[in-house]
Structure formats: C-alpha cells, structure tokens
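Quick caveat, the model's predicted, so the values are computed rather than measured. Atom set for the values below is all heavy atoms of this structure, side chains included, hydrogens, waters and symmetry mates excluded. Quick note: residue numbers are just sequence positions, from 1.
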Amino acid sequence: MSSDPSSDPSGARQSAPQSAPSRDTSSPAIELRGAGKAFRTPSGALHTAVRDLDLTVGRGEFVAVVGPTGCGKSTTLTLVSGLEEPTEGEVLVAGEAVRGINPDVGFVFQQDAVFPWRTVLSNVMAGPRFRGVARAEARERARDWLARVGLTAFADRYPHQLSGGQRKRVALAATFVNDPDILLMDEPFSALDVQTRALMSDELLDLWAGTGSSVVFVTHDLEESIALADKVVVMTAGPATVKEVFTIDLPRPRKVEEVRLQPRFVEIYREIWSSLGEEVRITRERGAGHAA
C-alpha cells in the first residue's frame with residue numbers, strides 16, 4: 001500500500017491502493033480454467049455454485065453471460081473481480097492469477113452503487129481520489145465523464161433527486177472515469193423500464209467504443225445480450241458451467257432497437273434459445289420437484 005494517504009470528498013483519510021504491476025498484453029483479458037466455487041449454507045451443507053468453468057475473454061471483447069435464474073452467473077463475476085476466491089481451478093486477469101481486488105477491474109452492480117450523501121460530482125470523483133489522483137484532476141475527469149453521460153447540469157444534485165436512468169448514468173461515469181481494463185456488469189439495467197433500458201444499452205455501447213476495455217455483462221434478457229455482445233455464453237442449470245458459446249456476427253456500431261429488427265438477429269435468437277431454453281426448463285423442473 002502507498003504510504004501517502006489521500007482524502008476522499010467526504011473528508012475521510014484513506015490510503016491509495018498499490019498500482020497494478022505491468023502485464024503481458026499478449027494474454028487474454030480474462031481466463032477461467034476449471035474454476036469452481038462452493039459455499040457453506042447456514043445449515044452447514046456445501047453448495048456448489050459453479051464447476052469446471054472454462055471461459056476466455058479477449059482484450060476489448062464484449063461478452064454477455066446468460067443462464068437460468070440462480071445458476072451462478074453472478075458468482076462468475078465475483079471470481080473475476082477478486083471478491084471471491086475459487087475453491088478449485090484458476091482465474092486469471094491479463095495472464096496473472098487473481099489475488100484480491102484489482103484496481104484495473106470495474107464493477108457495475110444491479111443496485112445503484114452510489115453514495116447517497118454525496119453529490120453526483122463527488123460520487124464520480126470518489127474512484128480517482130481513492131487511487132491517489134489530486135483533487136483538481138479528479139474533478140476535471142469527473143466533469144468530463146458527466147458531460148459524456150449527459151449529466152453536467154446535475155453535478156450538484158444528490159442521488160435521491162435523480163431518476164433511475166440518471167442514477168445508472170452516474171454509476172457508469174463513476175466506473176469509466178477510472179479507465180478500467182475490464183468492466184464487469186451484473187444485470188445493471190434490470191430495474192429500468194423498457195424504454196430507458198434500451199437508451200442505456202445504446203449509451204453503454206457508445207461509452208465502451210474506443211476504450212479498449214473488455215466487458216463481461218450478466219443478464220437474464222437474451223435479446224439484450226445479443227444486441228450488445230460480441231459473443232454470448234450460455235451457462236447450464238446450477239451448478240453452472242459453460243454449455244455453449246455463440247459468436248454474434250452483427251455489424252457494429254449498433255443501435256439496440258434497430259438491430260433487433262434485423263433478420264439475422266432473429267436467427268441468432270432462435271439458435272441461442274434452443275440451447276438456453278433447455279437449461280431454463282431443467283431449473284423449473286427442479287423447482288417444481290422441491291415444491292412437491
């Protein structure tokens with residue numbers, strides 16, 4: 001850890017995390033090799049969330065992960081982020097084994113991960129300040145990203161004064177301002193209405209374009225996954241492993257509502273659903289059996 005502490009906008013003193021070491025840029029952004037994760041339940045039983053997970057994400061690649069409810073999609077993200085350690089196998093980022101939380105990895109959660117007591121500007125400044133960036137530079141970076149997400153006029157507002165879509169824009173700005181090599185997204189738009197969700201998907205693609213960041217996007221919405229991603233990974237019913245990987249050959253740049261009208265989009269949807277639908281049915285049958 002750095003010996004030079006910095007103050008965040010709330011006045012708290014925190015040490016900046018150690019800079020990530022230089023990495024071999026020829027390695028994939030993310031590799032999971034036979035990765036598995038098991039948890040202890042409150043009763044003491046062992047629950048396996050994911051097993052034998054093999055997955056590679058290339059640099060600058062947008063990968064969507066779909067699967068039945070509760071199959072372990074979110075657990076996969078926590079393994080990559082370093083929030084959880086695998087109980088078997090390996091998880092590598094840029095060719096190095098994951099050892100704790102990596103400052104080069106950004107995470108956008110389903111719930112808005114913003115500080116309610118801070119203004120919009122202060123929320124977006126928080127990440128750079130924690131990383132030791134001087135206050136003036138952090139403010140400049142934050143204002144730049146607020147302009148990119150269309151929230152310049154809301155810089156002095158608090159999260160409770162914003163709409164759901166605006167709060168999500170704050171979360172995106174607060175993540176992209178740190179220039180992450182990898183962006184992990186766990187159903188980030190699921191709580192939004194249909195129209196806002198489509199607008200946010202377009203905004204995400206615009207923000208991501210040209211950054212070089214690799215994205216892993218977990219969603220229950222198959223249409224959303226196809227519209228956004230370079231490839232879609234279908235997970236099995238839990239304990240999850242990779243069932244199939246589908247390449248999405250739709251041209252970029254894309255507009256979500258437009259691309260969904262293309263005949264090729266419908267073909268891809270049918271192909272993936274034939275695989276995903278089987279796992280959804282397995283999960284439902286298991287649930288019905290437990291209920292009985």
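Between Trp117 and Phe115, the two ring planes are tilted [angle within 30° to 60°]. Using cut-offs of 30° and 60° on the angle between ring planes, the pair Phe217 and Phe189 is tilted.
Sorted by first and then second residue, the pairs that involve residues 265-278 and meet side-chain hydrogen bond (donor to acceptor under 3.5 Å, both in side chains), not counting sequence neighbours, are Lys243-Glu278, Glu244-Ser275, Arg264-Glu267.
A salt bridge is defined here as a Lys NZ or Arg NE, NH1 or NH2 lying under 4.0 Å from an Asp or Glu carboxylate O, and Glu137 with Arg141 meets this definition. At a threshold of 4.0 Å, the pair Asp230-Arg252 counts as salt-bridged, since one of the basic side-chain nitrogens sits closer than that to a carboxylate oxygen. Asp193 has no carboxylate O lying under 4.0 Å from a charged side-chain N of Arg197, or vice versa, which leaves the two without a salt bridge.
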Checklist entry - When you look at Lys255 and Asp206, which way does the side-chain contact (heavy atoms from CB on, under 4.5 Å) test go after all the steps? => result CA-CA 10 Å; Lys255 290 295 183 181; Asp206 289 342; 3.9 Å; yes
Checklist entry - Should Ser74 and Asp186 be marked as a side-chain hydrogen bond (donor to acceptor under 3.5 Å, both in side chains) after you check the CA-CA gap, both sets of side-chain angles, and the distance that decides it? => result CA-CA 6 Å; Ser74 296; Asp186 192 0; 2.8 Å; yes
Next on the checklist: Does Glu187 form a side-chain hydrogen bond (donor to acceptor under 3.5 Å, both in side chains) with Thr219? I'd like the steps, not just the answer.
Outcome noted: CA-CA 5 Å; Glu187 298 192 69; Thr219 178; 5.5 Å; no
Next on the checklist: I'd like to know whether Thr241 forms a side-chain contact (heavy atoms from CB on, under 4.5 Å) with Met235, so could you lay out the CA-CA distance, the side-chain angles of the two residues, the decisive distance to 0.1 Å, and finally the verdict.
Outcome noted: CA-CA 6 Å; Thr241 191; Met235 307 284 275; over 6 Å; no
Next on the checklist: Does Glu90 form a side-chain contact (heavy atoms from CB on, under 4.5 Å) with Glu31? I'd like the steps, not just the answer.
Outcome noted: CA-CA 8 Å; Glu90 295 180 288; Glu31 292 180 275; over 6 Å; no
Checklist entry - Between Leu83 and Phe107, does a side-chain contact (heavy atoms from CB on, under 4.5 Å) hold up when you go through it step by step? => result CA-CA 11 Å; Leu83 292 171; Phe107 208 136; 4.0 Å; yes
Next on the checklist: Apply salt bridge (charged side-chain N to carboxylate O under 4.0 Å, His left out) to residues Arg281 and Glu285 and explain how you reach the verdict.
Outcome noted: CA-CA 6 Å; Arg281 284 190 290 274; Glu285 288 168 2; 6.0 Å; no
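In this structure a side-chain-to-backbone donor-acceptor pair under 3.5 Å is missing from Ser214 to Ile182. Using modelled atom types, no side-chain atom of Arg254 and backbone atom of Val259 make a donor-acceptor pair closer than 3.5 Å. Side-chain atoms of Ser122 do not come within 3.5 Å of backbone N or O of Arg118 as any donor-acceptor pair. Under a 3.5 Å cut-off, the side chain of Trp208 and the backbone N or O of Ser213 do form a donor-acceptor pair. In this structure, the side chain of Lys168 engages the main chain of Pro188 through a donor-acceptor pair within 3.5 Å.
Around CD of Glu140, the count of heavy atoms belonging to other residues, nucleotides or ligands within 6.0 Å does not exceed 12. In this structure, Glu85 places its CD atom where only 12 or fewer heavy-atom neighbours from other residues, nucleotides or ligands lie under 6.0 Å away.
Within the 4.5 Å cutoff, side-chain heavy atoms of Phe62 are placed close to those of Leu205. With a 4.5 Å cut-off on side-chain heavy atoms, Leu121 and Arg139 count as touching.
Residues Thr236 and Glu279 bring no donor and acceptor atom of their side chains to less than 3.5 Å of each other.
Residues satisfying the salt bridge (Lys or Arg N to Asp or Glu O under 4.0 Å) criterion with Lys37, sequence neighbours excluded, are Glu84. Remark: Tyr158 pairs with no residue by the ring-ring contact (aromatic ring centres under 6.0 Å, His included) rule, at least two apart or across chains.
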